[in-house]
Amino acid sequence: MSGLRVVLAGGGTGGHTSAGLAIAAALRARLGDGVELEWIGSHAGLEATRVPAVGISYHAIATGKLRRSFALRNVTDLTLRVPAGLAQAWRLLGRLRPDVVVATGGFVAVPTALAAAARRRPLLVHEQVVVPGLANRLIARVAGRVAVSFAAAAAAFPPGKVVVTGNPVRPELLAGDRARGAAGFGLDPGVPLVYVTGGALGSHRINRVVGEALPRLLAAAQCVHQCGENPHDDAGWLVGQAAALPEALRARYRVLPFVSEGLADLYAAAALVVGRAGGGTVTEKSALGLPAVLNPHPGARGD
């Protein structure tokens with residue numbers, strides 16, 4: 001195939017994955033068959049399922065993470081998994097021969113970004129949040145350009161490389177339909193809808209607070225609750241909380257581990273979003289003009 005060949009790298013969380021998917025959608029919209037997209041990510045991250053679902057060729061490599069607290073996994077990740085991932089990415093880029101590599105962040109992107117620099121392939125890094133994480137600050141040193149969502153993030157990167165682009169939003173999210181959202185999720189279009197989300201991985205704290213508040217919340221509104229999957233089994237606990245409700249209130253509640261199909265319509269139907277203040281969440285709500293209650297992530301870099 002002739003045209004532009006782009007390798008995207010990143011994932012691990014919804015923010016890094018969604019940004020890459022939005023970039024991919026924009027490239028396809030502008031270039032059509034003139035662009036060929038490949039994605040290099042982890043074996044078990046969110047991107048491993050969401051990327052193939054939109055028809056992008058996916059290549060999984062070994063990845064490792066540097067944790068802020070002492071952990072034995074830091075040793076195995078940095079001495080075994082990261083070098084293995086770097087070698088795998090090196091071989092993949094040698095075979096794929098991309099015109100440009102776009103890294104959207106997270107520890108998942110590090111091996112591919114370093115391999116791109118070693119192979120002298122043009123490298124663009126995209127940063128979604130105000131206070132960049134360690135991975136992007138590291139790979140920005142070998143990147144040709146760093147695209148930031150907020151001007152305040154520029155101070156964390158080498159001068160002369162930064163361009164302020166904003167955070168890309170998947171175009172399909174802007175085309176939701178309220179009536180379709182109500183029908184698709186079995187909702188009453190005459191009752192206000194609160195959409196609760198802790199991001200793709202969920203939020204244990206938000207899940208528990210909302211679960212305890214269900215009798216009061218559902219007396220005034222209906223709720224679709226995207227709870228994620230975690231070791232606390234929040235999904236099971238929330239189902240139990242709902243089962244104890246009167247039937248009329250129970251009919252107003254939907255709990256789902258993850259929302260993929262119908263998210264645009266769900267946004268269109270929502271009167272209020274309660275969610276974690278991740279870069280992707282903030283950007284999507286701003287683009288849609290949705291009222292929101294945003295909860296900061298307690299472990300986020302720079303508070």
Distance-only check: which donor-acceptor pairs under 3.5 Å involve side-chain atoms of residues 98-107, not counting sequence neighbours?
| from | atom 1 | to | atom 2 | distance (Å) |
| --- | --- | --- | --- | --- |
| Asp99 | OD2 | Arg5 | N | 2.7 |
| Thr104 | OG1 | Ala9 | O | 3.4 |
| Thr104 | OG1 | His16 | O | 2.9 |

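- By the criterion of side-chain heavy atoms lying less than 4.5 angstrom apart, applied directly or through intervening Ile, Leu, Val, Met, Phe, Trp or Tyr residues, Ile139 is grouped together with Val7 in one hydrophobic cluster.
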Assess whether side-chain contact (heavy atoms from CB on, under 4.5 Å) is satisfied between Ser149 and His126, documenting all intermediate values.
-> CA-CA 8 Å; Ser149 299; His126 183 271; 3.5 Å; yes

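- Pro132 approaches Glu127 most closely through the heavy-atom pair CB-OE1, 3.4 Å.
- Of all heavy-atom pairs spanning Ser42 and Gly45, the tightest one is OG-N, 2.9 Å.
- For the pair Glu261 and Phe185, the tightest heavy-atom approach, listed with the atom from each and the gap, is O-CZ, 4.1 Å.
- The structure places OG1 of Thr112 at 10.0 Å from NE2 of His59, a figure rounded to the nearest 0.5 Å.
- In this view, Ala287 and Val169, Leu174 satisfy the side-chain contact (heavy atoms from CB on, under 4.5 Å) rule, not counting sequence neighbours.
- With rounding to the nearest 0.5 Å, the separation of CG in Leu21 from CG in Leu8 is 8.5 Å.
- Scored by the side-chain contact (heavy atoms from CB on, under 4.5 Å) test, Thr49 finds no partners at all (sequence neighbours excluded).
- Residue Leu114 is not grouped with residue Val82 when hydrophobic side chains (ILVMFWY) are merged at heavy-atom distances under 4.5 angstrom, including chains of intermediate members.
- Taking a 4.5 Å side-chain heavy-atom cut-off between Ile, Leu, Val, Met, Phe, Trp and Tyr, the cluster of Trp237 extends to Val194, Val196, Ile206, Val210, Leu214, Leu217, Leu218, Leu238, Val239, Leu245, Leu249, Tyr253, Val255, Leu272, Val274, Val293.
- Across all non-hydrogen atoms, the minimal contact from Pro111 to Ile61 is CB-CD1, 3.9 Å.
- Residues Leu92 and Leu123 share a hydrophobic cluster, clusters being chains of Ile/Leu/Val/Met/Phe/Trp/Tyr side chains in contact below 4.5 Å.
- In terms of modelled atom types and a separation under 3.5 Å, the side chain of Arg28 and the main chain of Val35 share no donor-acceptor contact.
- The two residues Leu290 and Ala270 make their nearest non-hydrogen contact at CD2-O, 3.6 Å.
- Among pairs with a residue in residues 277-295, those fulfilling salt bridge (Lys or Arg N to Asp or Glu O under 4.0 Å) read Arg170-Glu284, at least two apart in sequence or across chains.
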Derivation and outcome, side-chain contact (heavy atoms from CB on, under 4.5 Å), residues Ile40 and Leu93 | CA-CA 10 Å; Ile40 300 177; Leu93 293 184; 4.1 Å; yes

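- To the nearest 0.5 Å, atom CZ of residue Arg50 and atom CD1 of residue Ile56 are 11.0 Å apart.
- There is no path of hydrophobic side-chain contacts, each under 4.5 Å, that joins Leu37 to Leu46.
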Taking distance alone, no hydrogens or angles, what donor-acceptor pairs closer than 3.5 Å link side-chain atoms of residues 156-164 to residues at least two apart or in another chain?
| from | atom 1 | to | atom 2 | distance (Å) |
| --- | --- | --- | --- | --- |
| Lys161 | NZ | Ala140 | O | 3.0 |
| Lys161 | NZ | Arg141 | O | 2.9 |
| Lys161 | NZ | Ala143 | O | 2.8 |

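- Within the structure, salt bridge (Lys or Arg N to Asp or Glu O under 4.0 Å) pairs that include any residue of residues 241-253 do not occur (at least two apart or interchain).
- Ala25 is linked by a side-chain contact (heavy atoms from CB on, under 4.5 Å) to Pro171, counting only residues two or more places apart in sequence or in another chain.
- Residue pairs satisfying the salt bridge (Lys or Arg N to Asp or Glu O under 4.0 Å) criterion with at least one member in residues 142-157, sequence neighbours excluded, are absent.
- In terms of heavy atoms, Ala19 sits closest to Pro168 at O-CG, 3.7 Å.
- Remark: Glu172 CD is packed, more than 12 non-hydrogen atoms of other residues, nucleotides or ligands lying under 6.0 Å away.
- Side chain of Glu47 to backbone of Gly12: a donor-acceptor contact under 3.5 angstrom is found.
- Remark: Thr283 pairs with Asn167 by the side chain to side chain donor-acceptor pair (under 3.5 Å) rule, at least two apart or across chains.
- Side-chain N or O atoms of Gln222 include one that pairs as donor or acceptor with a backbone N or O of Asp188 at under 3.5 Å.
- Residue pairs meeting the side-chain hydrogen bond (donor to acceptor under 3.5 Å, both in side chains) criterion with at least one partner in residues 173-187, sequence neighbours excluded, are Arg180-Asp265.
- Taken from CZ in Arg119 to CZ in Arg97, the straight-line distance is 8.0 Å, to the nearest 0.5 Å.
- In this structure a side-chain-to-backbone donor-acceptor pair under 3.5 Å is present from Trp39 to Gly10.
- There is no path of hydrophobic side-chain contacts, each under 4.5 Å, that joins Val148 to Val131.
- No donor-acceptor pair under 3.5 Å is formed between the side chain of Arg121 and the backbone N or O of Ala118.
- Residue pairs meeting the side-chain hydrogen bond (donor to acceptor under 3.5 Å, both in side chains) criterion with at least one member in residues 189-211, sequence neighbours excluded: Thr197-Gln226, Ser203-Arg276, His204-Asp234, Asn207-His225, Asn207-Asp234, Arg208-Asp234.
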